[in-house]
Amino acid sequence: MITAAGAIMIMIFGAFMLSPDRMLQQAGFGMAVAIFVDAVVIRCLIVPAAMELMGRRAWWLPAPPARLLPSVRLERY
């Protein structure tokens, strides 16, 4: 989902490079590269690797919000 949204945004910003205005071309190229780096490199490679390295600590919930949330338990048969 993130990659698909990133691809759409890259295409839109890439269309800015077709403009005769040099500033708009540069801005479009810069934004397209930034979205590519964010969508592919960071969100598809670095974040899953960091989550794997952190293990259960990646899903740790601090005490103040934990007190506000209801306790949900599953029944065992």
Hydrophobic clusters join Ile, Leu, Val, Met, Phe, Trp and Tyr when side-chain heavy atoms are under 4.5 Å apart, directly or via other members; which others share one with Leu61? Leu69

Under the side chain to side chain contact (heavy atoms under 4.5 Å, CB included) test, residues paired with Pro20 that sit two or more places apart: none

For residues 4-14, the side chain to side chain donor-acceptor pair (under 3.5 Å) pairs (sequence neighbours left out) are none

Do any side-chain atoms of residues 40-57 form donor-acceptor pairs under 3.5 angstrom with protein atoms, and if so which ones, sequence neighbours left out?
residue, atom, partner, partner atom, Å
Arg43, NE, Asp38, OD2, 3.2
Arg57, NE, Met54, O, 3.4

Spacing of [X] atom [atom1] and [Y] atom [atom2] [to the nearest 0.5 Å]:
X     : Y     : atom1 : atom2 : result
Leu18 : Leu24 : CG    : CG    : 10.0 Å
Met17 : Gln26 : CE    : CD    : 11.5 Å
Ile10 : Met31 : CD1   : CE    : 12.5 Å

Does anything in residues 10-35 form a salt bridge (charged side-chain N to carboxylate O under 4.0 Å, His left out)? List the pairs, not counting sequence neighbours. none

Which atom pair, heavy atoms only, marks the closest approach of Ala32 to Gly14? CB-N, 4.4 Å

Sequence neighbours left out, what pairs pass ring-ring contact (aromatic ring centres under 6.0 Å, His included) with at least one residue falling in residues 2-50? Phe13-Phe16

